[in-house]
*Asks:* 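Here you go, one structure.
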Amino acid sequence: MMVDLTLIAESAIAMLLLAGTFLLAGRVHPFQFLIDDPRTVASFSAGVSVAYAIIYAIPELCGARESYKTAAGMLLPFEGKVVYFLALAGFFIFYGLEHLRRQSDGRTGESESANFNIQISGFVGYVWLMSYMIVYIIEESLLSIVLYSVAISFHFLALDHNLRRENGKVYDKMGRLLLAGACVVGWGTSLLLPLPEYVFALLTAFISGAVIVNSTIMELPTEKDGRFLPFLAGGALYGILLLPLG
């Protein structure tokens, strides 16, 4: 993969947008001039990321499978369906992290701290992969990286809201900084250590599964804390935007 200055500059802007979401979301509320309720903004963001997962990420699995088959250059067992299996693995791994978090509710002391460490470690890897993919996506087209950056920024906004609500001060003091740092490291790693195309196809599958579960399980507004209309508006508006790209 040839890296030029334009590619570095454009991808750096996208990376800073993602990292800034974690650094500023708890202090500078997006759209405050329109909406003064952070939960409403988080619900809108959840709708955007669900639309991205269903309309863009799921269809991307087919493309990832074909890319994997082509890049491998050989007859593959199960015709490259390992791509779908990795998407399933991404789904289960992050569902497991959410399940662990729910089981730890109400606990105190070392058990709570250990569960937070496991949860945040999983999301550091998740954010690292998301940021790593920026350089590869920007090589497809500028429109692709704009859509990706906007969707994932909203996704991270809702993620930040939930992690802050679930973990409080420990997330605000350390967790958000680790996630912002993972954005920077992931982007830098992609410039220094590019992967073969077939490996990127596998990563795309894994991330697709992770995006789907994090959008539909963790980000879905629950109980009385949810805001259905903003959630619907975010999903509908971004879904309409994505439809012509199909």
Side-chain angles (χ1 to χ4, degrees), residues 18 21-22 25 42-43 45-54 56-58 60-61 64-65 68 78 81-133 151-152 154-172 174-183 185-186 189 199-223 225-226 231:
L18 300 186
T21 302
F22 294 114
S43 295
S45 301
V48 170
S49 54
V50 167
Y52 179 82
I54 293 176
Y56 198 83
I58 292 178
E60 278 290 294
L61 290 178
R65 179 186 177 188
Y68 177 62
F78 312 112
K81 287 185 180 179
V82 65
V83 166
Y84 299 131
F85 185 82
L86 279 175
L88 183 64
F91 186 99
F92 281 139
I93 287 172
F94 284 93
Y95 178 79
L97 288 174
E98 172 66 5
H99 181 70
L100 178 65
R101 195 275 307 169
R102 291 178 182 179
Q103 283 190 322
S104 69
D105 282 351
R107 297 182 183 179
T108 58
E110 293 183 4
S111 178
E112 183 182 22
S113 177
N115 285 331
F116 171 75
N117 290 338
I118 293 172
Q119 183 187 38
I120 202 67
S121 295
F123 281 114
V124 164
Y126 178 66
V127 169
W128 181 90
L129 281 173
M130 290 284 204
S131 189
Y132 185 93
M133 294 172 67
I152 300 306
F154 276 111
H155 183 69
F156 285 175
L157 183 65
L159 174 62
D160 177 87
H161 175 87
N162 280 290
L163 290 174
R164 179 173 282 105
R165 180 184 59 185
E166 293 163 6
N167 301 289
K169 292 183 179 179
V170 65
Y171 171 77
D172 198 51
M174 179 182 66
R176 67 186 184 90
L177 299 178
L178 291 173
L179 296 179
C183 290
V185 174
T189 305
V199 177
F200 177 69
L202 297 177
L203 288 180
T204 299
F206 181 85
I207 283 296
S208 296
V211 168
I212 291 166
V213 70
N214 285 324
S215 298
T216 57
I217 294 179
M218 189 193 67
E219 290 184 353
L220 280 175
T222 56
E223 301 176 355
D225 195 36
F231 177 78

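Atom set for the values below is all heavy atoms of this structure, side chains included, hydrogens, waters and symmetry mates excluded. Numbers here simply count residues along the sequence, with the first being 1.
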*Asks:* Tell me, do Val211 and Tyr126 make a side-chain contact under 4.5 Å, heavy atoms counted?
*Replies:* yes

*Asks:* Write down the atom of Gly122, the atom of Leu97, and the distance for their closest heavy-atom approach.
*Replies:* CA-CD1, 3.8 Å

*Asks:* Only counting residues at least two apart or in another chain, list the ones meeting side-chain contact (heavy atoms from CB on, under 4.5 Å) with Thr189.
*Replies:*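 Per chain and number, Thr189 pairs via side-chain contact (heavy atoms from CB on, under 4.5 Å) with Trp128, Tyr132, Val185, Leu193.
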
*Asks:* So how far is it from His161 NE2 to Glu166 CD, rounded to the nearest 0.5 Å?
*Replies:* 9.5 Å

*Asks:* Give a yes or no on whether a salt bridge exists between Arg176 and Asp160, defined as a side-chain N under 4.0 angstrom from a carboxylate O.
*Replies:* no

*Asks:* Do the side chains of Asn167 and Gln119 get nearer than 4.5 Å, heavy atoms only?
*Replies:* yes

*Asks:* Can you sort out the partners of Tyr171 under ring pair (Phe, Tyr, Trp, His ring centres under 6.0 Å), two or more places apart, ordered by chain and number?
*Replies:* none

*Asks:* Please report the closest heavy-atom contact between Phe156 and Cys183, naming both atoms and the distance.
*Replies:*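 Closest approach of Phe156 to Cys183: CE1-SG, 4.1 Å.
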
*Asks:* Which distance, rounded to the nearest 0.5 Å, do you find between the NE2 of His155 and the OG1 of Thr21?
*Replies:* 11.0 Å

*Asks:* What residues, two or more places apart in sequence or in another chain, satisfy side chain to side chain donor-acceptor pair (under 3.5 Å) together with Tyr52?
*Replies:* none

*Asks:* Taking only residues two or more places apart in sequence or in another chain, which ones pass side-chain contact (heavy atoms from CB on, under 4.5 Å) with Ala51?
*Replies:*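 Counting only residues at least two positions away or on another chain, Ala51 forms a side-chain contact (heavy atoms from CB on, under 4.5 Å) with Tyr238.
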
*Asks:* Can you tell if the side chain of Phe91 reaches within under 4.5 Å of the side chain of Ser208, non-hydrogen atoms only?
*Replies:*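 They are not in contact (no side-chain heavy atoms under 4.5 Å apart), so the answer is no.
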
*Asks:* If you define the side chain from C-beta out and look only at heavy atoms, does anything of Leu178 sit under 4.5 Å from Phe123?
*Replies:*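 No, side chains not in contact.
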
*Asks:* Look up atom CD1 in Ile54 and atom CD1 in Ile212, then write down how far apart they are to the nearest 0.5 Å.
*Replies:* 8.0 Å

*Asks:* Using modelled atom types only, decide if a donor and an acceptor are shared between the side chain of Asn162 and the backbone of Ala158 within a distance under 3.5 Å.
*Replies:* yes

*Asks:* Distance-only criterion, 3.5 Å: show the donor-acceptor pairs between side-chain atoms of residues 200-207 and protein atoms not counting sequence neighbours.
*Replies:*
unit_1 : atom_1 : unit_2 : atom_2 : d
Thr204 : OG1    : Phe200 : O      : 2.9

*Asks:* Measuring only between side-chain heavy atoms, which start at C-beta, is Ile93 closer than 4.5 Å to Val213?
*Replies:* no

*Asks:* Please give me the minimum heavy-atom distance between Leu163 and Leu179, naming the atom from each residue.
*Replies:* CD1-CD1, 3.8 Å

*Asks:* Which pair of non-hydrogen atoms, one from Phe116 and one from Gly175, has the smallest distance, and what is that distance?
*Replies:*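 In terms of heavy atoms, the two residues are closest at CZ-CA, 4.3 Å.
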
